[in-house]
Amino acid sequence: MPDGQGGFTRRAAPIRQLSSGQAALARALAGRRLLVWDVVERPDPSVRAGTVQVVHEALLREWERPAAWLHEGADFLEWHERTARDAAEWDGAGRPDGLLPHGARLAEGLQWLADRPDDLTDTERAYLEAGRRRQRRGLRRLWGVTALVTVLAVLASTLAVSTYRALQRDRAQLRTAAAAELGTLAADVADRSPDSAFRYAAGAWTARHTPQSQQALFAQYVRAADVTSSHSGLWPGSAQWTSMSPDGRTVVVLSRRDGAVDLTATVVTGAVDGRPRATPLRGVPAGLRVQDFRDAISADGRRYALVTLDGRVLLWDLSAAGARPRKLSAALPARGGVEFPHVDFSDDGTRLLHFFPFNEPRPEDDGRKALVRLWDTDSGRALPVSQRVVEQQNPTMAWLPGDGERVAVAGSRAKGEQRYLDLHDTASGERVRRVYGPQPAVNQEPAGRGVWLDVAGGVRWYSLYPEARQPVRTYSGGVTFRDLTGTHLYRDATPVSGETGDYRRVTVRDPRERDRFWSLTLPGRDGSRALGVVGEGSGPRTVLAVEGDTLLRSRPEPVSAVANELFSRSGDAAALSPDGSRTARLRAGRLEVTGPGVRTRHTLLPGKMREVDGWKLHLTWVTRKGGDALLVWSDYFTYARLYDADTLRSRGVTWDCGRSGDPTANQPQDIVQTGDGDLVLLCLGDTLVRLDPRSGVQSGGPVRLEHTPAGRGMFQDTGRLTTRPGHPHQVAVVTGPWRASGRIELWDVRRGTRVARLEGGPLPNGSFLDDDVERWVVFTPDGNRLAAFDEERRVVWWDVDGERPEEPTRAIDDATGFLGVAPDGTLLVVSSGVSLVSPDDAEPLGQLNGGDENLHAVRIDGDTLHLVTEKGARTLRLSPSAWQATLCAALDGPNSRAQRGRPVLEAARNTPPCPST
């Protein structure tokens, strides 16, 4: 073995550790006196005992060959010496596993065992092999544990995935249940609490995007499209009566809790700015009913007065929080047939007038059928006022114009058919002047510094100041209401009723200086006593409306005077510019173009066009370089007029459909504009003609589709053209005969070639289809798919290029035609209004009820829908994200405790209305 100094020293090796070969070699070398063989006698001769070693260490130094071997194997010998000792200890201890080599020592030993097995003794080899077996057993145990852990991990992962999926499924079901709860609740509370309806509908969409939640969201979006802020909980219960100061900054709402008898009064300030603050008003008489009183707010918003049918007069100082009213008058002695009283402040709010009309005077009334009283509002002191001001026949109303030195008294004669208005001196009662009358009129109401007089077919506004002796403004229109501020008039279109809440279109008019008009949509049915308009001059208007428990602040859109009026005939045509900013109409023999903004131009149509019925005329908006145009045409004429949309200068347009000798063949069935700008005309004889959009000159065709004789019956289907998006020269063509056979063809009008032929079942009868609005077929925005109705009103989608139909969807009841396809694929269908349906299964996604309005023009610009009816124009978004954003922008913070605590809410109790709340 190595001696640690570069040499070697001898070591005795146990004979029992030598293999038989090694022992034989040792005996031979011992016979030659190179080794010493020291044998020990044992009782068992089979067990070898003793040792063997080198005779002298000099051999290890002087014998070159063995010395060289020793130096070459120094590393082995050093390892071997240590291993031999460990192996002997292991063997002597009974070969326990605890003394076996492991790790790096075992790895080194196994390597020497592989390289020099003959240089190891049996014990050393057994020692290393035992270590190998022990390592393998350990690895097998480790593999087993690892496998078990792996299996457990896989099982745990599988269980976790299963649990996660179950949890997600449960959560999805909870979200679906929450969406259903909120959508249903939005419809239930829509009329009595618009704010809650907006919140619940938005929350339904937040909970989960389902067709039902989308319907609820769209229904409330339609009602709230013009609302900029919505607030509930300002007063208890539902509003029964509303008053407003002329500037709209002070609002008094009298409301009644559910099941209560008495009215509660609440003062609301800050509503114009969208930050309303509510203060309860103390001292309202018990048992008061709406029909038992009238009230007024001073112009500066500091005082509020209330008068009852029995003559009591109460005055509140609104600047003193919590103050009770000053009782200016107790009940008056009874008089028979008391009419509605009236109360009014002077312009500066320092005087208060009480007008008390009746039919059966007392003796002290000297035959007069009304009584007037006046107070100083600061002190509550009664002021002198002459009763001569009400000596005229049948006085119906009185108020204080200006500083209160004059009293305006309105009255009626001839059983109420004649109206008059006089100004009297307050102190003497002398009549200063007659403002108007007697003249036929329906009603008269004070309006700031003037009075509104409803006459047959219109309304007149008279100033009460001395310099004005004639009507300042007179206009015609339908039924008109005075707003709560007394500064504007408005007209409600016929309300649209539905299960998801009522709403109405409102047109506002300010005739005080120059006629200006605005339009908006408001929730509810009748706003005749709950709407105030704030603003003046050319500036914007803010509309405050009270509906149920909700205060609504809205921003109306300016409209032109022409757009505001009703169409004279419901069949008159209209058209929209591509972006919806301009509207053209045919009305009463005139072409009118409105926009951008309220700008309006109009011109007379040629004589023959003025003479035909409006439903026989059509209007097509034409886009072109250098300025748009309008094409006026009729399917009974063989010519058209092309008008410049800005100047309204026009030129005649003619065409040749290629059937000489038959002039009716030149009558158009339909005219559309393709993506490249060409006008394409489908002739009565089923040929196609192209027209240049700038000159109106024929630039292509005729292209004969097939040999169809010209002719038009009363209920014969008229052919239709539909342009294909993304393919600027292509149109889809459905002729009358093709409709019956279910045939749709696509044509490249530039090349005059057929591109595709789609043949399926018959299309619905189109004899009552609105030519200017509805289509038999529509394309997706990319033009790759086409939708058509079959006879059962099911939607059939076609892969246009592959000419392959898909399975039809469910039927859409009452559907008459298509309007278009939204960017997300949603179909817009005419079905009792405008319906939004899913493209895959025709699931209803939203409904815009038409009320009594008929569609005259439709334009889809991206995700914006522009509509024109005989009542005006309207713009709506088509994406649910935009609907929710509109509602959320109007909501004031998270749901209130009352809104969260409705008993019907279970899964949705904590669902916020908007993602950020």
Side-chain angles (χ1 to χ4, degrees), residues 616-620 622 631-642 651-724 727-759 762-763 766-767 769 771-772 775-777 779 786 788 800 803:
K616 294 181 180 179
L617 290 176
H618 307 282
L619 189 58
T620 302
V622 180
L631 186 71
V632 181
W633 57 280
S634 170
D635 40 13
Y636 288 86
F637 293 163
T638 57
Y639 62 90
R641 299 292 299 182
L642 188 65
R651 65 176 66 195
V653 178
T654 59
W655 51 83
D656 180 8
C657 293
R659 296 200 175 187
S660 59
D662 185 0
T664 61
N666 280 341
Q667 293 177 358
Q669 298 184 70
D670 200 6
I671 301 178
V672 297
Q673 187 174 27
T674 59
D676 60 2
D678 284 344
L679 293 172
V680 180
L681 184 148
L682 175 62
C683 302
L684 187 60
D686 292 343
T687 58
L688 296 176
V689 170
R690 284 191 298 121
L691 304 175
D692 179 77
R694 290 200 57 79
S695 63
V697 174
Q698 185 166 332
S699 57
V703 176
R704 181 163 295 179
L705 304 178
E706 64 181 14
H707 296 282
T708 303
R712 189 194 310 272
M714 179 172 293
F715 296 107
Q716 179 179 334
D717 287 341
T718 301
R720 302 287 194 280
L721 299 175
T722 304
T723 57
R724 185 182 183 187
H727 300 74
H729 312 315
Q730 295 184 20
V731 294
V733 185
V734 180
T735 68
W738 293 358
R739 181 209 62 79
S741 62
R743 176 174 157 193
I744 306 166
E745 291 191 356
L746 272 78
W747 282 76
D748 186 315
V749 294
R750 282 284 180 96
R751 296 180 179 178
T753 58
R754 185 174 64 202
V755 177
R757 181 168 178 168
L758 314 178
E759 293 189 278
L763 304 181
S767 59
L769 197 72
D771 295 352
D772 294 318
R775 299 282 114 182
W776 269 327
V777 301
F779 288 96
L786 175 145
V800 177
E803 301 183 1

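Sequential numbering from 1 along the given sequence is applied to the chain's residues. All values below come from the heavy atoms of this structure, side chains included, with hydrogens, waters and symmetry mates left out.
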Does any part of the side chain of [Y], heavy atoms only, come nearer than 4.5 Å to the side chain of [X], both counted from C-beta?
{"X": "T722", "Y": "V672", "result": "no"}
{"X": "T687", "Y": "R704", "result": "yes"}
{"X": "V733", "Y": "W738", "result": "yes"}
{"X": "C657", "Y": "L681", "result": "yes"}
{"X": "T674", "Y": "P728", "result": "no"}
{"X": "W633", "Y": "L679", "result": "no"}
{"X": "R690", "Y": "R750", "result": "yes"}
{"X": "Q669", "Y": "D686", "result": "yes"}

[atom2] on [Y] to [atom1] on [X], rounded to 0.5 Å:
{"X": "L691", "Y": "Q673", "atom1": "CG", "atom2": "CD", "answer": "10.5 Å"}
{"X": "E759", "Y": "E745", "atom1": "CD", "atom2": "CD", "answer": "7.5 Å"}
{"X": "H727", "Y": "F779", "atom1": "NE2", "atom2": "CZ", "answer": "9.0 Å"}
{"X": "R641", "Y": "L617", "atom1": "CZ", "atom2": "CG", "answer": "13.5 Å"}
{"X": "L758", "Y": "L746", "atom1": "CG", "atom2": "CG", "answer": "6.0 Å"}

Discussion item. Against V731, only a single residue in D678, V755, V749 fulfils side chain to side chain contact (heavy atoms under 4.5 Å, CB included); can you say which?
Written reply: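 It is V749, the one option of D678, V755, V749 that forms the side chain to side chain contact (heavy atoms under 4.5 Å, CB included) with V731.
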Item to complete: Could you give me the CA-CA distance, side-chain angles and deciding distance for I671 and H618, then say whether side-chain contact (heavy atoms from CB on, under 4.5 Å) is met?
Response: CA-CA 9 Å; I671 301 178; H618 307 282; over 6 Å; no
Item to complete: Answer with yes or no whether the side chains of H729 and D676 bring together a donor and an acceptor at under 3.5 Å.
Response: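 Yes, H729 and D676 have a side-chain donor paired with an acceptor closer than 3.5 Å.
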Worksheet item: Stepwise, does the side-chain contact (heavy atoms from CB on, under 4.5 Å) test hold for V680 with W747?
Response: CA-CA 11 Å; V680 180; W747 282 76; over 6 Å; no
Item to complete: Report the C-alpha separation of S695 and R651 in whole Å, then their side-chain angles, then the decisive distance to 0.1 Å, and conclude whether the side-chain contact (heavy atoms from CB on, under 4.5 Å) test is met.
Response: CA-CA 8 Å; S695 63; R651 65 176 66 195; 3.9 Å; yes
Fill in: Within 6.0 Å of CZ in R757, more than 12 heavy atoms from elsewhere
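Buried by this count: over 12 neighbours within 6.0 Å.
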Looking only at heavy atoms, which two atoms of [X] and [Y] are closest? And how far apart?
{"X": "V622", "Y": "P693", "answer": "CG1-CB, 3.8 Å"}
{"X": "A788", "Y": "L763", "answer": "CB-CD2, 4.1 Å"}
{"X": "A740", "Y": "P762", "answer": "O-CB, 3.2 Å"}
{"X": "Y639", "Y": "T654", "answer": "CB-CG2, 4.1 Å"}
{"X": "A732", "Y": "L786", "answer": "CB-CD1, 4.2 Å"}
{"X": "D670", "Y": "G719", "answer": "CB-O, 3.8 Å"}

Practice prompt. Under the side-chain contact (heavy atoms from CB on, under 4.5 Å) rule, what do L682 and R720 come out as? Steps first, then yes or no, please.
Written response: CA-CA 8 Å; L682 175 62; R720 302 287 194 280; over 6 Å; no
